[in-house]
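We name chains A, B, ... by the order of the sequence lines, and we start the count at 1 in each one.
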Protein chains: 2
Amino acid sequence: MFDFQSSIQVLRTKGYKLTRPRKRVLEVLAQAQKPVSPYDIQKVLQQRGEHLNHVTIYRILDLFCLLNLAHKVLSFGGFVKCTLGEEEGCHRFMVCRQCGALREFADKALCDEENEIAQDFGFRTEQHFSEGFGLCSNCQGQIF
Amino acid sequence: MFDFQSSIQVLRTKGYKLTRPRKRVLEVLAQAQKPVSPYDIQKVLQQRGEHLNHVTIYRILDLFCLLNLAHKVLSFGGFVKCTLGEEEGCHRFMVCRQCGALREFADKALCDEENEIAQDFGFRTEQHFSEGFGLCSNCQGQIF
DNA sequence: ATGGTAAATGCAATATTATTGCATTTACAT
DNA sequence: ATGTAAATGCAATAATATTGCATTTACCAT
């Protein structure tokens, strides 16, 4: 998961309406190479001659997060980005501090290890988020 | 790191003035059992008869994050909390979804593992954040 | 195809959170 | 004590987020 088409499937199968605004937001997320805020999304669509109320975008993003079609990330101001990961409750990102490029991944071993540590503190963890902050391959060579 | 006293040391040794507002914010962070927002901090201090301008609190928190005396966390709206961890560039939390209780920890093995995965994608990561979201020992027994 | 209906969106108002420039105050070195 | 850079306060403004309600739309049954 989740390209544009499979995201649409998720909406349909879970009984949510496939509306024009939802399709537009899905498109933007699918195309984005870095985290985007609700207002970023609005701007992008504006440029394509498509006006969406920001409230609508907020509500759509809430839904998408609920359905695991999108996530909020801490880096770059906690913006949102579509998920590429499959595993339930495991949402891991690496973010380039230079260009904002973002990759999502999932890793069960990491979750297991974190669960063990949590147990030592009496915690039972259900969701795992992580963000590695650094430089992507492109930006490593460059000098700024 | 970092109780109230050692945080004060960090400020002194790095040449930052030890002001009344900074001491107050440090106190609140040190006493907080869950992530607190800038305005949370303002309210707590208000109740103690101490008024701080919110701008000041924002600037103080910026500084504290820069000095690794505080961190921003994603859960509960990206609020801030003092750090308890030592390792450079490794900031891991577990957060109780019920009561907001938060524990910080650091773990080198996790960082190494994440670095390896990052390498496969061409990323070189410098900072690691993670949040495990679940239930603390207190809240596990309770039914809501 | 067409109409009924719940769901989704738009809009307006408002709340919350965050930032900036500049005047004033304060911690700290001398 | 006092000069000075650093820190804070204040006022204005920007950016982000939420709510209630009227209107529109997707999708179902016909």
**Prompt:** D:dT25 P sits how many Å from A:I60 CD1, rounded?
**Reply:** 14 Å

**Complete:** Assert: residue with more 5' nearest nucleotide on DNA chain C, out of B:R12 and A:G15, is A:G15

**Asked** Any donor and acceptor pair, going by atom type alone, linking the side chain of A:D112 with main-chain N or O of A:A109 inside 3.5 Å?
**Response** no

**Request:** Output the residues of residues 49-59 of chain B in contact with DNA chain C, where contact means a heavy atom of the residue under 4.0 Å from an atom of the strand; sort by number or write none.
**Result:** B:H54, B:V55, B:Y58, B:R59

**Prompt:** So do the side chains of A:L29 and A:L61 get within less than 4.5 Å of each other, counting heavy atoms only?
**Reply:** yes

**Request:** Quickly work out the B:R24 CZ to C:dA27 P distance and round it to whole Å.
**Result:** 11 Å

**Minimum side-chain heavy-atom gap A:V36-A:V44 below 4.5 Å** = no

**Complete:** Separation of C:dA8 atom P from A:L66 atom CG, nearest Å, is 12 Å

**Prompt:** Just wondering, do A:L52 and A:I41 contact through their side chains at under 4.5 Å, heavy atoms?
**Reply:** no

**Prompt:** Whole Å only: how far is the CZ atom of B:R20 from the C1' atom of C:dT24?
**Reply:** 18 Å

**Prompt:** Whole Å only: how far is the OH atom of A:Y39 from the C1' atom of D:dT18?
**Reply:** 10 Å

**Request:** From the options C:dT26, D:dT25, C:dT9, select the nucleotide whose nearest atom is closest to the side chain of A:K17.
**Result:** D:dT25

**Complete:** The bend of the helix from C:dA1-D:dT30 to C:dT30-D:dA1, taken between the axes of its five terminal pairs at each end and rounded to 10°, is 40°

**Message:** Hydrophobic clusters here meaning ILVMFWY residues chained together by side-chain heavy-atom distances under 4.5 Å, can you tell me if B:L63 and B:V55 are in one?
**Reply:** no

**Request:** Return yes if the base of C:dA27 and the side-chain atoms of B:Y16 contain a donor-acceptor N/O pair under 3.5 Å, otherwise no.
**Result:** no

**Asked** Does a side-chain heavy-atom distance below 4.5 Å link A:F64 with A:L11?
**Response** yes

**Request:** In plain terms, say whether A:E113 and B:R92 are close enough for a salt bridge, that is, a side-chain N and a carboxylate O under 4.0 Å apart.
**Result:** no

**Prompt:** In terms of hydrophobic clustering (I, L, V, M, F, W, Y; side-chain heavy atoms under 4.5 Å; direct or indirect links), are A:L135 and A:F93 co-clustered?
**Reply:** no

**Complete:** A:D62 atom CG is separated from D:dT16 atom P, nearest whole Å, by 16 Å

**Asked** Under 4.0 Å between a side-chain N/O of A:T19 and OP1 or OP2 of C:dA7, yes or no?
**Response** no

**Whole-Å distance separating the CD atom of B:Q42 from the P atom of C:dA18** = 12 Å

**Message:** Connecting only ILVMFWY residues whose side-chain heavy atoms lie within less than 4.5 Å of each other, what is the rest of B:Y58's hydrophobic cluster?
**Reply:** B:Y39

**Length of the CZ-P vector between B:R22 and D:dA6, whole Å** = 11 Å

